[in-house]
Structures are given as structure tokens and as C-alpha cells.
S.K.: 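Below: one structure in C-alpha cells.
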Amino acid sequence: MSPDDRAVLAHERLVSIGEDDVEEATKLEVLRAAVAPTENSIDEGKGSRIPLNEPREHIRRIGHEATERARQVA
């Protein structure tokens, strides 16, 4: 590979790294916004407790509920 080809490749990779950073920052911002109401509820003492031996079942149930709501909206 010629030095010019290596320079072009290096430049393209640097540009793509910057794009990945922006994309990841955007995803993180969206995730934080989605989690904020839950964090606020917990801070206000409105959270619900899940027994230590049941988190998998709780998460599965929430997933099923979300799927059903999504189907109703679609």
C-alpha cells in the first residue's frame, strides 16, 4: 500500500471514529432521557422493590407488557 493510500485510509478511519463518538453520545443522551423519569420516581420514594430471587421474572414480565403495548399502538 502506498503512503498516499495509507494516509487516505487513516483519514477515513479517523473520520469514522468521530462519527461513532457522535452516534454513541446521541444514544447515551436518549438513554439518559428515558431513564430520568424512573430515577426521579426512585428519588421520590415511588420505586417498587423486587425480591432478589425474582429479577429475571420481573424483567421478562415488563418485556411482555411492553410488547403488548407496542402491538396495541401499531
S.K.: Strictly by salt bridge (charged side-chain N to carboxylate O under 4.0 Å, His left out), give each pair with a member in residues 31-43 just once, sequence neighbours left out.
M.R.: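 Residue pairs with at least one partner in residues 31-43: there are none.
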S.K.: Could you identify which residues cluster with Val35, counting Ile, Leu, Val, Met, Phe, Trp and Tyr as linked when any side-chain heavy atoms lie under 4.5 Å apart, either directly or through a chain of such contacts?
M.R.: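 Cluster partners of Val35: Leu31.
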S.K.: Arg6: what forms a side-chain contact (heavy atoms from CB on, under 4.5 Å) with it, not counting sequence neighbours?
M.R.: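 If we apply the side-chain contact (heavy atoms from CB on, under 4.5 Å) test to Arg6, skipping adjacent residues, the hits are Met1, Pro3.
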S.K.: Holding to salt bridge (Lys or Arg N to Asp or Glu O under 4.0 Å), I want the full list of residues that pass it with Lys27, two or more places apart in sequence or in another chain.
M.R.: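 Only Glu23, Glu24 meet the salt bridge (Lys or Arg N to Asp or Glu O under 4.0 Å) criterion with Lys27.
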S.K.: Output all residues satisfying side-chain contact (heavy atoms from CB on, under 4.5 Å) with Asp4, sequence neighbours left out; order by chain, then residue number.
M.R.: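 For Asp4 the side-chain contact (heavy atoms from CB on, under 4.5 Å) partners, ignoring immediate neighbours, are Ser2.
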S.K.: Holding to salt bridge (Lys or Arg N to Asp or Glu O under 4.0 Å), I want the full list of residues that pass it with Glu29, two or more places apart in sequence or in another chain.
M.R.: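 So Glu29 forms no salt bridge (Lys or Arg N to Asp or Glu O under 4.0 Å) with any residue.
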S.K.: Return the set of residues passing side chain to side chain donor-acceptor pair (under 3.5 Å) with Glu54 (not counting sequence neighbours), or none when no residue passes.
M.R.: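 In terms of side chain to side chain donor-acceptor pair (under 3.5 Å), with neighbours along the sequence ignored, Glu54 is linked to no residue.
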S.K.: So which atom in Ala33 and which in Pro37 form the shortest heavy-atom distance, rounded to 0.1 Å?
M.R.: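 Looking at all heavy atoms of both residues, the closest pair is O-CD, 3.3 Å.
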S.K.: Partners of Glu65 by side-chain contact (heavy atoms from CB on, under 4.5 Å), sequence neighbours excluded?
M.R.: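 Glu65 satisfies side-chain contact (heavy atoms from CB on, under 4.5 Å) with Arg61, Arg69 once adjacent residues are dropped.
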S.K.: Taking only residues two or more places apart in sequence or in another chain, which ones pass salt bridge (Lys or Arg N to Asp or Glu O under 4.0 Å) with Arg71?
M.R.: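 By the salt bridge (Lys or Arg N to Asp or Glu O under 4.0 Å) rule, Arg71 matches Glu68.
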